[in-house]
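Taking it in order: structure first as structure tokens, then the write-up.
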Number of protein chains: 2
Amino acid sequence: MTKSTDGPRRRRSPKGEHRREEILDAGMRIFARGGYSSASIASVAEEVNLTLPGLLHHFPTKVDLLLAILERRDINSLALVGSLDGNWRETLKGLCRVNRANTEIPGVVRAFSILNAESLIEDHPAVGWFSTRLAGVRERLAGGIRRGVEAGEVRADIFPEDIAAEIIGMMDGLQVLWLRAPGQTDIVAIFDGYIDRLIHDLEVKS
Amino acid sequence: MTKSTDGPRRRRSPKGEHRREEILDAGMRIFARGGYSSASIASVAEEVNLTLPGLLHHFPTKVDLLLAILERRDINSLALVGSLDGNWRETLKGLCRVNRANTEIPGVVRAFSILNAESLIEDHPAVGWFSTRLAGVRERLAGGIRRGVEAGEVRADIFPEDIAAEIIGMMDGLQVLWLRAPGQTDIVAIFDGYIDRLIHDLEVKS
DNA sequence: GTCTATAGGAGGATAGAC
DNA sequence: GTCTATCCTCCTATAGAC
């Protein structure tokens, strides 16, 4: 009853909790360099000055480590997801802010870009997470656009789900281009320009 | 002088040449399932009813096999690249045709989507190929749009390189979404709709 | 909570016969 | 051109001491 209740909180000692966070940070860095399958958890252990068994005490398997990293990302991005519920124009502008903020954390973007494609592999441990996440973001985005249609602000001859998929595809695709050639890709200007045109095209002409 | 001249042609026996093609096809299928690093060349050998050393006779290392697959893709896509040189509107419509044709070969799209992101990894054997390819396609695309500007058909206040990057990002990103949820993503309709709006937005208003 | 030591397995590549 | 047999390296994970 004291240990088997594995809720989101209720962790061990403060020191262990701190170690846990360190390991998650290091894991993110390692996965950012090589994705999941080609990365070794031994290198993660090395990054935090632990031996391999020492690390495995906190995360029994490599999959556990990956899922913990993904889970933490979910929690951290709740604030951003919250911004998907207001006015449709604000929603799209919010995505521009997310995109801009992402340029400050290329390591995180890198890890998730690689993991995103890698999770297309059958039986990859992250398939579930990315599928669920995609469905959720797409539904929220489509919902925002749909409310714009219902409010008479957005053209009624478009499909909100398709527009949502288009936007997500653009964000993800641009990130890969940006990571490959950062100096030649002004991802902020490109995405802002795209969203500006999209807003203009979606608006009901007055 | 007879063997050391390793030009693009000049292969061994007809039977060997046939085997070579079989192996490349099988390699594509295997990489489509798991990308490069998590795939084993032994499974490729199994697909063509060869032992591992038997396969390594044709491609000495795993990297050689990967590069041969990429090289062949280059040759096969020359026809498509050729279509990037005409009128800017036709160029963009040509991309729609490529996108539509891609829905017929999900295996190839899958392999290249995974490899594309995987090659972001430092020292990945495919970095060079994807970098060169991206630079080439982007330059050709931007060139087409630039000629549209010079012809007075396209607005002069846009950056052709940025628009080119935007389009490539959209194509690549949509492919990942489509591969993850094929039934819920009408990639042809979405990309066609995007290109239609883009053409409209780029046109100089008359 | 962290260590040493080690089991156990998979994958890439080579040597040499046919 | 294809095989059998083998080597070596790297990785995940476990056992058990401190």
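Every value quoted in this text rests on a predicted model; they were computed, and no experiment measured them. In what follows, every chain begins at residue 1, and chains take the letters A, B, ... in the order their sequences are listed.
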Q: Answer yes or no: is there a donor N or O on one side and an acceptor on the other, between the side chain of B:Arg138 and the main chain of B:Ala164, under 3.5 Å?
A: no

Q: For the pair A:Arg155 (side chain) and A:Asp201 (backbone), establish whether a donor and an acceptor sit closer than 3.5 Å, ignoring hydrogens and angles.
A: yes

(Q) By the 4.0 Å heavy-atom rule, please label A:Ile41 as base, sugar-phosphate, or nothing. (A)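 It contacts sugar-phosphate atoms only.
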
Q) So what does B:Ala39 hit on the nucleic acid, given a heavy-atom distance under 4.0 Å: a base, only sugar-phosphate, or nothing? A)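 Sugar-phosphate, no base atom in range.
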
(Q) Centre-to-centre under 6.0 Å for A:Trp178 and A:Phe191, is that the case here? (A)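 Ring centres of A:Phe191 and A:Trp178 not closer than 6.0 Å.
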
Atom [atom1] of [X] and atom [atom2] of [N]: how far apart are they, to the nearest Å?
X	N	atom1	atom2	answer
B:His18	D:dT2	NE2	P	12 Å
A:His57	D:dA13	NE2	P	16 Å
A:Asp64	D:dT14	CG	P	10 Å
A:Leu52	D:dT14	CG	P	11 Å
B:Ile30	C:dG11	CD1	P	11 Å
A:Leu55	D:dC11	CG	P	14 Å
B:Glu46	C:dA10	CD	P	13 Å

Q.
So if I take every side-chain heavy atom of A:Lys62 and compare against C:dA13, C:dT2, D:dT12, which nucleotide ends up nearest?
A.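 Selected nucleotide: D:dT12.
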
